[in-house]
Amino acid sequence: MASTDKAARRAKFEGAWNAIRDELLTHFKSCGMPQEAQEWYSRNLDYNVPGGKLNRGMSVIDTAEILLGRKLSDEEYLQAAVLGWGVEMVCAIRLLSTFFFLISHKLQAFFLVSDDLMDSSITRRGQPCWYRVPKIGFIAMNDSFMLEAAIYHLLKVHFKKEPYYVDLIELFHEVTYQTEMGQLIDLITAPENDIDLNRFSLKKHSLIVIYKTAFYSFYLPVALAMLFCRVPTSYSLPSSPKPIEPYEVAKEILIPLGEYFQVQDDFLDFSGVPAQIGKVGTDIVDNKCSWCINTALAYATPAQRKILDENYGQGYLGEAEKRVKKVFEEIGLREKYTKYEEGVFQKLNEMIDNIDEGAQGQQGVLKKQIFVSFLGKIYRRQK
C-alpha cells in the first residue's frame, strides 16, 4: 500500500510538471522564439529537470500538508508544485553549474558549465550527461542559465501577489549562492589531476557537504513550504520562555540532517555493491573528498598514510583501489560509521523532540512530523 501511495504521489507531482513545462514553453513561444529554439528549450527542460527520485521537490508538498494538517486544494497543490519543481531546477542547475576550468594540453581557460563536465562524468540518471548529447556541448552553459531564469519567471507568474513573494526570491538566490560556494570548495580541494591529501580534512568535508548539498536538498524545500504556509519568522508560545524563530530551528535540524545524508552516500560508495546501490563506487579512484578518506586520514598510522598518499585517486587501477580499501578496513571504518550514524540519529531525535508545537492543531508553527519524516527516510538506508 505504501509503495502504491508513493507511486501515486510521484505521478501527481510529475503531472504538475507537465503543466508547468507547457506554461514555460507557451511563454517562450509568445516571445517570438523560432521553432528550433522552442524545440531546444523543450528538450532542455525535459532532459534535465524531471527524472531521479524527486524527493527534494515532493518534500515541499509533504511539508506543506503537514504544516496545514490537511491535503492541499488543487490550486494550492499547483502553487506548491511550482516551488517543488523550482527545487528540482536548482538541482539541475547545480549539475550544469558554471565554472572556470583549465583544460586541454595548452591549459587554456574554458568556461565550462557542468558538474558532469567537471567530474568528466559520462552518464547522469541512466542517460548521457546533457553536454555529451550530440550537438549540445558548450550550449549547455546557456541552458543552465535558462533553467535558472525559468525559476524566477514561474515565481513571478504564480506568487507576485503574495506577501511572501520577495522572501521566495531571496531564498532561492541565497541557497543557489550557498550551493555554488560549496561547489567551489569541492573543486579546489579535490581536483582529479592534482592529488594532495593534505588539502583534505573532516572539517573541510563538513563545509563542502553543508554548502554543496544540505542547504538546497534539505533546508530549501522545507523553508519554501513554511513561506507558502505563511509561517512567520518569529512567534511566541505560552510554553516557551522566549520567541521562537522557526526558520532557524528548522535550519539547525536540517543542515546536520543533510550532512548525515551525504556521509551515508560516501560510506555506501565504499561499502555498497552495484546490486544494492545501483552504481559502482568511484570516490576512491576519482579523488573525492569523502567522509571515508577523511576519517581514514584522521586515524591512519604513518605507514597507512603513505599507502593512502600513493594510491588514492589513481584512476581505475584495481590494485591501488584495493590497497586504499584495505586501509579503510584496518582503521575500522565500518565500526566508526555505525557509531557516527547512531550518534547523529540520537542527537537529531533530541532536537526534534524539543520542538514546541503549541496547542493541538495550531497552525503557523513548526511541526515535529516534518523532521521525523525526513529522518525516517534516510536512517540506515542501504541505497
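Only a predicted model underlies this, so the values are computations on that prediction, with no experimental measurement involved.
A 4.5 Å side-chain heavy-atom check between Leu333 and Cys292 finds at least one atom pair inside the cut-off. The closest side-chain heavy-atom distance from Tyr337 to Thr295 is not below 4.5 Å. Side-chain contact between Ile185 and Leu207 is present, with heavy atoms from C-beta onward closer than 4.5 Å. Side-chain contact between Phe200 and Asn287: present, with at least one pair of heavy atoms (C-beta onward) separated by less than 4.5 Å. Put simply, the side chain of Leu25 reaches to within 4.5 Å of the side chain of Leu45, judged on heavy atoms. Proximity of Arg199 to Pro191: side-chain heavy atoms (C-beta onward) are separated by under 4.5 Å at one or more points. Annotation: side chain of Trp291 is not in contact with side chain of Asp265 (no heavy-atom distance under 4.5 Å). By the 4.5 Å heavy-atom criterion applied to side chains, Asp46 and Arg21 are counted as neighbours.
Rounded to the nearest 0.5 Å, atoms CG (Leu224) and OH (Tyr164) are 10.0 Å apart. To the nearest 0.5 angstrom, Lys135 atom NZ is 9.0 Å from Arg43 atom CZ. If you take CG on Asp269 and CG on Asp283, they are separated by 3.5 Å, rounding to the nearest 0.5 Å. Going from atom CZ of Phe374 over to atom CD1 of Ile378 covers 9.0 Å, rounded to the nearest 0.5 Å. In this structure, Met351 CE and Leu257 CG are separated by 10.0 Å, a value rounded to the nearest 0.5 Å. Remark: Leu83 CG to Leu154 CG distance equals 9.5 Å, nearest 0.5 Å.
A donor-acceptor pair under 3.5 Å is formed between the side chain of Asn44 and the backbone N or O of Asp143. The backbone N or O of Gly57 sits less than 3.5 Å from a side-chain atom of Glu88, completing a donor-acceptor pair. Looking only at distances, a side-chain donor or acceptor of Ser217 sits under 3.5 Å from a matching main-chain atom of Thr213. The closest donor-acceptor contact from the side chain of Tyr312 to the backbone of Lys288 lies under 3.5 Å. At least one donor-acceptor pair closer than 3.5 Å links the side chain of Gln363 to the backbone N or O of Leu68. A donor-acceptor pair under 3.5 Å is absent between the side-chain atoms of Glu252 and the main chain of Val249, judged by distance alone. Without hydrogens or angle criteria, Gln38 side chain to Met33 main chain gives a donor-acceptor distance under 3.5 Å. The backbone N or O of Asp353 lies less than 3.5 Å from a partner atom in the side chain of Lys368, making a donor-acceptor pair. In terms of modelled atom types and a separation under 3.5 Å, the side chain of Asn311 and the main chain of Arg323 share no donor-acceptor contact. Judged by distance alone, with hydrogens and angles left aside, the side-chain atoms of Thr301 form a donor-acceptor pair with the main-chain N or O of Gln304 at under 3.5 Å.
The shortest non-hydrogen separation linking Ala64 to Ala225 is N-CB, 3.8 Å. Across Asp356 and Gly358, no two heavy atoms sit closer than the pair OD1-N, 2.9 Å. Heavy atoms only, all atoms of each residue included: Val365 and Glu357 are closest at CG2-O, 3.3 Å. For Ser144 against Ile93, the heavy-atom pair with the smallest separation is O-CG1, 4.0 Å. The heavy-atom pair separating Leu308 from Ala296 by the smallest distance is CD1-CB, 4.1 Å. Ala190 and Cys289 get closest at one heavy-atom pair: CB-N, 4.1 Å.
Relative to the six-membered ring of Phe270, Lys325 misses at least one condition, a distance below 6.0 Å or an angle of at most 45° to the axis.
Of the charged side-chain nitrogens involved, none lies within less than 4.0 Å of a carboxylate oxygen, so that Glu76 and Lys71 do not count as a salt-bridged pair. Here Glu350 does not pair with Lys347 in a salt bridge; the nearest charged N to carboxylate O distance is not below 4.0 Å. Between Lys212 and Glu180, no side-chain nitrogen of the basic residue sits less than 4.0 Å from a carboxylate oxygen of the acidic one, so the salt-bridge criterion is not met. A salt bridge between Arg10 and Glu14 is present, with a side-chain N of the basic residue lying under 4.0 Å from a carboxylate O of the acidic one. A salt bridge links Asp62 and Arg9; the closest N-O separation between the charged side-chain nitrogens and carboxylate oxygens is under 4.0 Å.
A single hydrophobic cluster is not seen to contain both Leu184 and Ile210; linkage of ILVMFWY side chains at heavy-atom distances under 4.5 Å, directly or through other members, places them apart. Note on Val209: it does not cluster hydrophobically with Val263, by side-chain heavy-atom contacts below 4.5 Å among ILVMFWY residues. There is no path of hydrophobic side-chain contacts, each under 4.5 Å, that joins Val157 to Phe28.
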Given the rule in the salt bridge (Lys or Arg N to Asp or Glu O under 4.0 Å) test, do Glu319 and Lys322 qualify, once you have shown the distances and angles that lead to the verdict?
CA-CA 5 Å; Glu319 291 306 311; Lys322 288 178 182 177; 3.6 Å; yes
Give the intermediate values and the outcome of side chain to side chain contact (heavy atoms under 4.5 Å, CB included) for residues Ile253 and Ile355.
CA-CA 10 Å; Ile253 297 173; Ile355 294 174; 3.7 Å; yes
For Gln178 and His173, what are the C-alpha separation, side-chain angles and deciding distance, and is it a side-chain hydrogen bond (donor to acceptor under 3.5 Å, both in side chains)?
CA-CA 9 Å; Gln178 289 165 329; His173 278 309; over 6 Å; no
side-chain hydrogen bond (donor to acceptor under 3.5 Å, both in side chains), that's the test. Do Glu75 and Gln79 meet it? Break it down for me.
CA-CA 6 Å; Glu75 182 180 355; Gln79 277 195 304; 5.8 Å; no
Determine, step by step, whether Tyr260 and Glu341 satisfy the side-chain hydrogen bond (donor to acceptor under 3.5 Å, both in side chains) criterion, reporting the C-alpha distance in whole Å, the side-chain angles of both residues, the deciding distance to 0.1 Å, and the verdict.
CA-CA 8 Å; Tyr260 164 40; Glu341 182 170 46; 2.6 Å; yes
Test Glu310 against Lys306 for salt bridge (Lys or Arg N to Asp or Glu O under 4.0 Å), laying out the working first.
CA-CA 6 Å; Glu310 293 174 350; Lys306 187 173 185 293; 2.5 Å; yes
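Between Tyr152 and Phe172, the ring planes lie perpendicular to each other; the angle is over 60°, past the 30° to 60° tilted range. Ring planes of His153 and His27: tilted class, angle from 30 to 60°. Between Phe13 and Trp85, the ring-plane angle classifies as parallel under the 30° and 60° cut-offs.
For the side-chain hydrogen bond (donor to acceptor under 3.5 Å, both in side chains) with His205, the qualifying choice from Asp186, Thr189, Asn294, Asp266 is Asp266, the only one to do so. Exactly one of Gln382, Glu259, Arg380, Arg381 qualifies for a side-chain hydrogen bond (donor to acceptor under 3.5 Å, both in side chains) with Gln264. That residue is Arg381.
No side-chain donor-acceptor contact under 3.5 Å links Glu342 and Gln346.
The number of heavy atoms from other shown groups lying within 6.0 Å of NZ (Lys29) does not exceed 12. For Lys377, the NZ atom counts as densely surrounded, since its 6.0 Å shell holds more than 12 non-hydrogen atoms of other residues, nucleotides or ligands.
The aromatic ring centroids of Tyr165 and Phe159 lie 6.0 Å or more from each other.
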